[in-house]
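These notes concern the structure reproduced below.
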Amino acid sequence: MDTPSRPVVFRLEQVTRTFRMGDVEIQALRGVDLELYEGEFVVLLGASGSGKSTLLNILGGLDRASSGIVQYRDTDLGQASERVLTDFRRHHVGFVFQFYNLIPSLTARENVAIVTDIARAPMSPDEALALVGLEQRLDHFPAQLSGGEQQRVAIARAIAKNPAVLLCDEPTGALDSKTGIRVLEVLQKINQELGTTTAVITHNAVIANMAHRMIRLTDGRVSEIADNPSPVAPTELQW
Ligand code: ADP
Ligand code: MG
């Protein structure tokens with residue numbers, strides 16, 4: 001696959017993000033240059049504190065860069081109004097976090113419906129839950145589901161609005177390897193079947209073998225980008 005010839009979804013130029021805490025300045029991102037392409041599956045690697053979550057939050061419009069350019073297709077996210085940014089988050093981006101953030105008093109189906117109720121062209125909650133292999137668990141509450149199943153509900157919730165982009169921050173961080181592999185299979189399937197541009201943060205370098213590209217952050221900068229000509233299925237990963 002000739003990745004660089006594909007349409008660019010995100011273009012970042014010299015992106016910085018500085019946090020000020022009293023007198024202390026933390027430079028979480030120190031000049032990130034990066035392009036993400038339509039339909040690709042990228043894994044973001046890097047030590048704790050290297051800026052991975054900060055970068056993902058900026059891509060998803062949860063946070064803004066301190067300087068530099070963050071372009072999503074034709075939209076300059078850095079210059080966008082709050083309204084445009086909200087619209088971007090709501091309709092174009094799905095988020096998956098380490099701790100599933102499900103509402104305990106709602107069933108799997110109801111947790112997904114929260115999002116589909118405000119989306120423009122959503123799947124049905126049942127359809128989204130079937131995609132992640134939970135068609136038998138529609139009426140279960142989070143407490144009646146395993147960690148891996150809860151994460152799959154969270155993925156169903158993220159993809160049910162048919163987002164162009166799926167951003168996952170350590171989605172397998174709280175799971176054992178067998179369950180983590182099942183979750184990664186779901187992410188790979190969604191990328192392949194729906195063409196959702198997918199970025200996954202992980203500590204586990206092995207996971208890069210299932211991605212089209214690996215992007216490594218070191219100290220707030222991109223230190224390495226590697227194409228993977230032959231991504232494997234998660235079940236093939238040597239965990
Ligand atoms: P990673 O996800 O790679 O572990 P982060 O992007 O979370 O790294 O953090 C990068 C750096 O920025 C760290 O030093 C972290 O403490 C700091 N940081 C992140 N978010 C904030 C924040 N909201 N306020 C202050 N410092 C932050
Ligand atoms: Mg993080």
Side-chain angles (χ1 to χ4, degrees), residues 9-10 36 38-39 41 53 56-64 70 72-77 80-175 179 182-201:
V9 176
F10 284 103
L36 297 185
E38 191 173 280
F41 192 118
S53 296
L56 206 78
N57 291 342
I58 289 173
L59 289 173
L62 292 171
D63 189 17
R64 289 180 193 263
V70 181
Y72 170 74
R73 295 195 185 276
D74 295 332
T75 306
D76 182 339
L77 296 181
S81 66
E82 283 304 320
R83 203 175 58 80
V84 168
L85 219 50
T86 301
D87 185 86
F88 166 67
R89 280 196 303 269
R90 183 171 298 174
H91 298 296
H92 297 267
V93 191
F95 293 99
V96 177
F97 298 103
Q98 180 174 357
F99 301 106
Y100 332 115
N101 302 320
L102 302 177
I103 297 178
S105 60
L106 299 182
T107 64
R109 184 194 272 126
E110 289 165 346
N111 265 284
V112 176
I114 286 182
V115 171
T116 54
D117 283 351
I118 59 167
R120 275 190 201 122
M123 304 173 201
S124 71
D126 290 31
E127 198 183 336
L129 286 160
L131 258 177
V132 302
L134 290 178
E135 58 275 20
Q136 309 293 335
R137 299 283 188 278
L138 301 176
D139 297 314
H140 285 57
F141 291 97
Q144 299 171 323
L145 298 169
S146 70
E149 288 169 338
Q150 290 182 60
Q151 188 60 298
R152 279 147 62 197
V153 174
I155 293 169
R157 180 181 56 189
I159 57 148
K161 59 183 169 183
N162 274 311
V165 181
L166 184 60
L167 303 175
C168 310
D169 196 344
E170 306 205 23
T172 62
L175 303 173
T179 311
R182 180 77 186 96
V183 163
L184 293 171
E185 283 187 294
V186 166
L187 293 176
Q188 190 176 63
K189 173 180 158 178
I190 287 159
N191 171 255
Q192 289 171 352
E193 292 184 9
L194 306 182
T196 313
T197 305
T198 304
V200 176
I201 290 178

4.5 Å side-chain heavy-atom contact, Pro142 and Val153: no

side-chain hydrogen bond (donor to acceptor under 3.5 Å, both in side chains) pairs, two or more places apart, involving residues 182-196: none

Do the charged groups of Glu82 and Arg89 touch, with an N to O distance under 4.0 Å? no

Any non-hydrogen side-chain atom of Arg137 less than 4.5 Å from a side-chain atom of Gln150? no

Run Leu167 and Val93 through side chain to side chain contact (heavy atoms under 4.5 Å, CB included) and show every step you take. CA-CA 7 Å; Leu167 303 175; Val93 191; 3.6 Å; yes

Should Glu110 and Asp139 count as side-chain neighbours, where that means a heavy-atom distance under 4.5 Å? no

Got a list of side-chain donor-acceptor pairs under 3.5 Å for residues 117-133, not counting sequence neighbours?
from, atom 1, to, atom 2, distance (Å)
Arg120, NH2, Asp87, OD1, 2.8
Ser124, OG, Glu127, N, 3.0
Asp126, OD1, Arg109, NE, 2.9
Asp126, OD2, Arg109, NH2, 3.3
Glu127, OE1, Ser124, N, 3.3

When rounded to the nearest 0.5 Å, the distance separating CD1 of Ile155 from CG of Leu187 is 4.0 Å

With side chain to side chain contact (heavy atoms under 4.5 Å, CB included) as the criterion, how do Leu102 and Arg157 come out once you've worked through the C-alpha distance, each side chain's angles and the decisive distance to 0.1 Å? CA-CA 9 Å; Leu102 302 177; Arg157 180 181 56 189; 3.8 Å; yes

Do you know the tightest heavy-atom contact between Gly148 and Leu175? N-CD2, 3.6 Å

From CA spacing to verdict: side chain to side chain contact (heavy atoms under 4.5 Å, CB included), Cys168, Ile201: CA-CA 6 Å; Cys168 310; Ile201 290 178; over 6 Å; no

With a 4.5 Å limit on heavy-atom distance, are the side chains of Thr107 and Leu138 in contact? no

Distance in Å, Leu59 CG paired with Leu36 CG, rounded so as to fall on 0.5 Å steps: 6.0 Å

Name all pairs fulfilling the ring pair (Phe, Tyr, Trp, His ring centres under 6.0 Å) condition that reach into residues 94-117, sequence neighbours left out, sorted by first residue then second. Phe95-Phe97

Within the distance-only criterion (no hydrogens, no angle test), does the side chain of Asn111 pair as donor or acceptor with the backbone N or O of Ile103 below 3.5 angstrom? yes

Would you call Val70 and Asp76 a side-chain contact if the rule is heavy atoms closer than 4.5 Å? no

Test side chain to side chain contact (heavy atoms under 4.5 Å, CB included) on Gln151 and Thr172 and set out the steps. CA-CA 8 Å; Gln151 188 60 298; Thr172 62; over 6 Å; no

Restricting to non-hydrogen atoms, name the atom on Val9 and the atom on Thr197 that form the minimum distance, rounded to 0.1 Å. CG2-OG1, 3.9 Å

Report yes if some heavy atom in the side chain of Leu77 is under 4.5 Å from a heavy atom in the side chain of Leu85; otherwise report no. yes

What closest approach, in Å, do Val96 and Pro171 show between heavy atoms, and which atom pair accounts for it? CG1-CB, 4.1 Å

Hey, what do you get for CZ (Phe41) to CG (Leu166), rounding to the nearest 0.5 Å? 8.0 Å

Residue pair Thr179 / Glu149, side-chain heavy-atom distance below 4.5 Å: no

Does some side-chain heavy atom of Val84 sit less than 4.5 Å from a side-chain heavy atom of Ser81? yes

Search all heavy atoms of Pro163 against all heavy atoms of Gly94 and return the closest pair with its distance. CB-N, 3.5 Å

Under 30°, 30 to 60°, or over 60°: which ring-plane class applies to His92 and Tyr72, parallel, tilted or perpendicular? perpendicular

CD/Glu170 to CG/Leu56 distance, rounded to the nearest 0.5 angstrom? 10.5 Å

